Structure formats: C-alpha cells, structure tokens
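Here is the naming used below: chain letters follow the sequence lines, and residue numbers restart at 1 for every chain. Note: hydrogens, waters and symmetry copies are ignored here, and every other heavy atom, side chains too, is used. Everything numeric in this text was worked out from a predicted model, so none of it was measured.
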Amino acid sequence: MWHLYEDVLGDQWRSLIYRKTVNKLRSLPYKVTSVEQIREMYGVGKSLVKMVKEILGTGQLQKLDNLKAQVGEIQVLGSVWGIGAIQARELYKKGFRTVKDLENYSSLTSMQRMGVKYYDDINLRIPRDEVADTEKFVRGVVETLAPGAWVNAAGSYRRGKPTCGDVDILITHPDGSRFTSLRCCTHSSHLHLLCSHQDLLARLGGTQPDMFMGIFHFQGKPYRRIDIKVYPRHVYAFALLAFTGNDVLNRKIRFLARVKFGYKLSDQGLFIRESKKKDVWFTESIPCETEREIFEKLGLDYPEPHDRNW
DNA sequence: GGGCTGTACTG
DNA sequence: CAGTAC
DNA sequence: GCCC
C-alpha cells in the first residue's frame, strides 16, 4: 500500500506512515490478533487502528482494493527508476501503459531510460553474498588506483539484510593527500577500468566527480543498481552513517539533532546552527572519526548496523 | 493547520 | 524551479 | 497518515 502512495499518488507522508506501521507491526514478537495490542502504540492513530481492524476481520482492506483498481497500470510506470508519481500519471495520460511501451519513447531522462531498459533486473533482490563479491571487486580496482583506500558496502547490506535492493559503496582514504587520486575512482576514465572488466555498464548522474549512480553488471548476474561515493576521511563517519540508514533512522536522528541541539546533521558533517538577528549560518562540522562518536554527540546509544532496520 | 531529513542532480 | 533519487 |  505504501508503494501506491509513493509511486502513484505522490503522498510521501502517508506512504511513510504506512511503511513505518507495517514494519512496526511486523517487528513485534507476536502476531497481532486484536486491535487492543496496537491501540496505544505511538504513531498509530484512529485510521490505522480501523484499517488493522478491518484486515483482522475480513482479511482484506477495501481502501487498498479500491485504490488498486483506480490506479491500475499507473503503478508500474511509477515504479520505474527515475519516474515518480507525477511523471507516471503524465505518461499514463499520454497513453503509455506498460514499461515496454516506454522503450522507444525519446523524451525520457537518461535515468529513466536506464530504468526502463533494466526494469526487470533492477527489481530483483540481490543476495548479500553478491554484494560482498561486488564490494571485494571494487576494492580490488580501487586498490590499484589508490593503495590503502577504504571501501565499504553500506546500505541494507551493512545492516545485515539477507538480500538488498541495490549496492551502495563508500570509499575514502585514511591519508588525506591520497584523496585526490582517489576521487578519480568515479571519473569516467577510471570507470573504464571497471568497464574493461565488462562489469560496469554506464555512467549516470553526478557531474560532481565523487559520486556515481548507475548500473553494474557483474559476473553474469542480473544488472544491478549501484552507487559509488567517494568522501574525504574526516567526513567518512557521517557518510557511512547516512548511507547505512535506514532512512527512517536518518530522519529520526537528524530531526533530533535539530530540535534538541540546534544541529544540522547530514552525510557531510554535524554542524551547529548559529544565528544573529535574521542571519542563520552553520559552523564547521563537529569532528567525528567514527559513527559511535556521532551518536555520543547526540546523546544516543550506539546501535549496531543490524539494529538500524527501522 | 503545519511540519514531517538534508542534499544533489537533471531539464 | 519542479521532479526525482538517495 | 500522525502529532503538536
């Protein structure tokens, strides 16, 4: 249901609530059999209780069935990488119905084109072993470019998930002076190094040289979504935290950082908000070498990556 | 009623 | 800027 | 959607 709100209706807030609630109920140590078990839960209000009640009673949810019927084929369009709710509806209006319909449509962005081309592969889950192999492979390539560099697969892989939706790789170098050579990793010239192994298919996004978002083809496996990002060492802990996620955890701690401390937390640091009269600006980042330090600065217990699946 | 993370890309 | 993605 |  939250997919519907995300991909078709473009209601990110309902989508978020539904997703959070499903995860919440799923993570309970018992199976929900009565609404009394959830009535008091924070973040579960009248509407959700009602929905759960209906599901428990009838085994289905009318609202969802109606929605599905209404939305029909638009959802498929909205589930393409690079196509959001608005474009999905636009395309539907123009007569497109399936992903295949989009194959020869010229007015797609490069991201959408790739999303269409590899639609089936991209939507497959990736076994974590394969992510580990990919990480190892990238590490090998990077090592030849900048010996001593750190290469870590983040994302759901790092959170210990058995399968992943994409591969998210972070790179840094403990020696700052080596960093410049490292940034080349995401430059097209060095992506060619990866390409020469017939593994990296295409470059996309990021004129900024330290990020790559694209498609990866590895060892005859299906085509996979991969992000590679290069960060300077002094920011690495923040990047690792941000791209390990999950996103709900990020939002939670960023929100807390702001309202409780007046901080701004992002993948590039922890900044103190300064203001004088109307002007607001931020300080240099509070230095943190490790994720643990970041949590400490925010007065939070350190959660292991596998405890960040919110 | 208004906020709900913060950042960067494309077009 | 809107739209999309992470 | 929920919470303030």
Side-chain angles (χ1 to χ4, degrees), chain A residues 1-2 4-24 38-52 61 63-64 67 77-91 106-115 122 154-156 158 164-170 186 203-215 225-229 231 235 238-271 273 282 285 294 298 310:
Chain A
M1 171 126 106
W2 66 266
L4 278 179
Y5 277 89
E6 184 84 33
D7 296 337
V8 188
L9 302 173
D11 188 341
Q12 50 167 324
W13 302 119
R14 277 188 179 74
S15 170
L16 180 65
I17 293 280
Y18 290 149
R19 182 157 58 102
K20 277 204 233 179
T21 305
V22 169
N23 288 338
K24 216 176 283 177
I38 64 165
R39 211 184 276 284
E40 301 298 322
M41 287 177 67
Y42 184 86
V44 178
K46 248 172 53 185
S47 302
L48 284 169
V49 168
K50 211 167 155 192
M51 288 188 230
V52 172
L61 187 58
K63 181 190 178 79
L64 178 58
L67 228 46
L77 303 178
S79 69
V80 173
W81 192 45
I83 299 180
I86 293 178
Q87 290 306 319
R89 275 177 287 184
E90 249 348 273
L91 291 166
S106 58
S107 313
L108 296 177
T109 66
S110 56
M111 190 186 274
Q112 292 166 342
R113 228 170 275 132
M114 292 171 62
I122 286 178
S156 51
R158 185 153 179 265
C164 307
D166 61 2
V167 181
D168 204 343
I169 291 186
L170 296 183
T186 49
R203 171 175 171 65
L204 177 138
T207 53
Q208 190 172 325
D210 51 16
M211 176 160 71
F212 171 85
M213 297 167 66
I215 306 286
R225 271 276 303 109
I226 186 168
D227 295 344
I228 302 176
K229 309 187 188 75
Y231 281 89
V235 179
F238 297 101
L240 204 51
L241 174 62
F243 291 104
T244 297
N246 69 2
D247 65 324
V248 175
L249 174 76
N250 282 344
R251 296 158 86 129
K252 202 156 215 158
I253 59 182
R254 288 175 184 197
F255 183 73
L256 177 136
R258 177 152 53 79
V259 300
K260 190 166 173 189
F261 298 97
Y263 292 160
K264 179 178 68 172
L265 174 65
S266 77
D267 61 335
Q268 21 214 348
L270 180 60
F271 309 88
R273 171 183 253 102
F282 292 93
S285 172
I294 303 173
L298 297 173
W310 297 30

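We find that CG of A:Leu241 is positioned 18 Å from P of C:dC6, with the value rounded to whole Å. For A:Asn246 and B:dG6, the CG to P distance is 16 Å, given to the nearest whole Å. Here the C1' atom of nucleotide C:dA5 and the CD1 atom of A:Ile122 are 13 Å apart, to the nearest Å. Rounded to whole Å, the distance from CG on A:Leu298 to P on B:dG6 is 12 Å. Across the protein-nucleic acid pair, A:Glu6 atom CD and C:dC6 atom P stand 10 Å apart, rounded to whole Å. Across the protein-nucleic acid pair, A:Phe271 atom CZ and B:dT5 atom C1' stand 14 Å apart, rounded to whole Å. The nearest whole Å value for the distance from the CD1 atom in A:Ile17 to the P atom in B:dG3 is 16 Å. As a whole-Å value, the separation of A:Met213 CE from C:dT4 P is 14 Å.
Residues passing the salt bridge (Lys or Arg N to Asp or Glu O under 4.0 Å) test with A:Arg14, sequence neighbours excluded: A:Asp11. Under the rule for a side-chain hydrogen bond (donor to acceptor under 3.5 Å, both in side chains), A:Ser266 has no partner lying at least two apart in sequence or in another chain. A:Lys63 is linked by a side-chain contact (heavy atoms from CB on, under 4.5 Å) to A:Met1, A:Tyr5, A:Tyr18, A:Met51, A:Leu61, counting only residues two or more places apart in sequence or in another chain. Judged as a side-chain contact (heavy atoms from CB on, under 4.5 Å), and not counting sequence neighbours, the contacts of A:Leu4 are A:Val8, A:Leu64, A:Leu67, A:Lys68, A:Val71, A:Gln75.
Within 4.0 Å (heavy atoms only), A:Asp227 reaches sugar-phosphate atoms of the nucleic acid but no base atom. A:Ala257 comes within contact range of no nucleotide atom at all, as no heavy-atom separation falls under 4.0 Å. At the heavy-atom level, A:Val80 lies under 4.0 Å from the strands shown only through sugar-phosphate atoms. Within the nucleic acid shown, A:Lys46 comes within 4.0 Å of sugar-phosphate atoms alone, with no base atom in reach, counting heavy atoms only. Counting any heavy atom pair closer than 4.0 Å across all strands shown, A:Lys63 reaches sugar-phosphate atoms only and no base atom. Contacts of A:Ile253 with the nucleic acid, taken as non-hydrogen atoms under 4.0 Å apart, are absent. Within the 4.0 angstrom heavy-atom criterion, no nucleotide atom of any strand lies near A:Leu16. Note on A:Lys252: nothing from the nucleic acid sits closer than 4.0 angstrom, heavy atoms only. The residue A:Met51 sits close only to the backbone: its heavy atoms come under 4.0 Å of sugar-phosphate atoms, none of a base.
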For a quick test of your reading: what N or O donor-acceptor pairs under 3.5 Å do the side chains of residues 39-50 of chain A make, sequence neighbours left out?
residue	atom	partner	partner atom	Å
A:Arg39	NE	A:Glu36	OE1	3.3
A:Arg39	NH2	A:Glu36	OE2	3.2

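Ranked by how close their nearest DNA chain B nucleotide is to the 5' end, A:Arg254 and A:Leu108 are led by A:Arg254.
Ranking B:dG6, C:dT4, B:dT5 by closeness to the A:Gln87 side chain, first place goes to C:dT4. The side chain of A:Asp168 lies closest to C:dC6, out of C:dC6, B:dT7, B:dT5. Listed nucleotides: B:dA8, B:dC4, C:dA5. Nearest to the side chain of A:Gln268: B:dA8. Minimum atom distance to the side chain of A:Thr109 is reached by B:dG11, of the listed B:dG11, B:dG6, C:dT4.
Contact of the A:Phe243 side chain with the A:Asp227 side chain is not registered, since no non-hydrogen atoms from C-beta on lie closer than 4.5 Å.
Of the side-chain N and O atoms in A:Trp13, none sit less than 4.0 angstrom from OP1 or OP2 of B:dG2. For A:Arg225 and C:dC6, the shortest distance from a side-chain N or O to OP1 or OP2 is below 4.0 Å. A close approach under 4.0 Å does occur between a side-chain nitrogen or oxygen of A:Arg258 and OP1 or OP2 of B:dG6.
Summarising the local packing, NZ of A:Lys20 is surrounded by 12 or fewer heavy atoms from other residues, nucleotides or ligands at distances under 6.0 Å.
When atom types are taken as modelled, the side chain of A:Ser285 and the backbone of A:Phe271 share no donor-acceptor pair closer than 3.5 angstrom. At distances below 3.5 Å, not a single donor-acceptor pair connects side-chain atoms of A:Asp168 with backbone N or O atoms of A:Ala154.
Only the C1' atoms considered, D:dC2 is 26 Å distant from B:dT7, to the nearest whole Å. For the P atoms, the distance linking C:dC6 with B:dG3 amounts to 26 Å, nearest Å.
Using a 4.0 Å cutoff to heavy atoms of chain A, the contacted part of DNA chain D runs 5' to 3' from D:dG1 to D:dC3.
By the 5.5 angstrom centroid cut-off and the 30-degree plane limit, A:Phe255 is classified as not stacked against the base of B:dT5.
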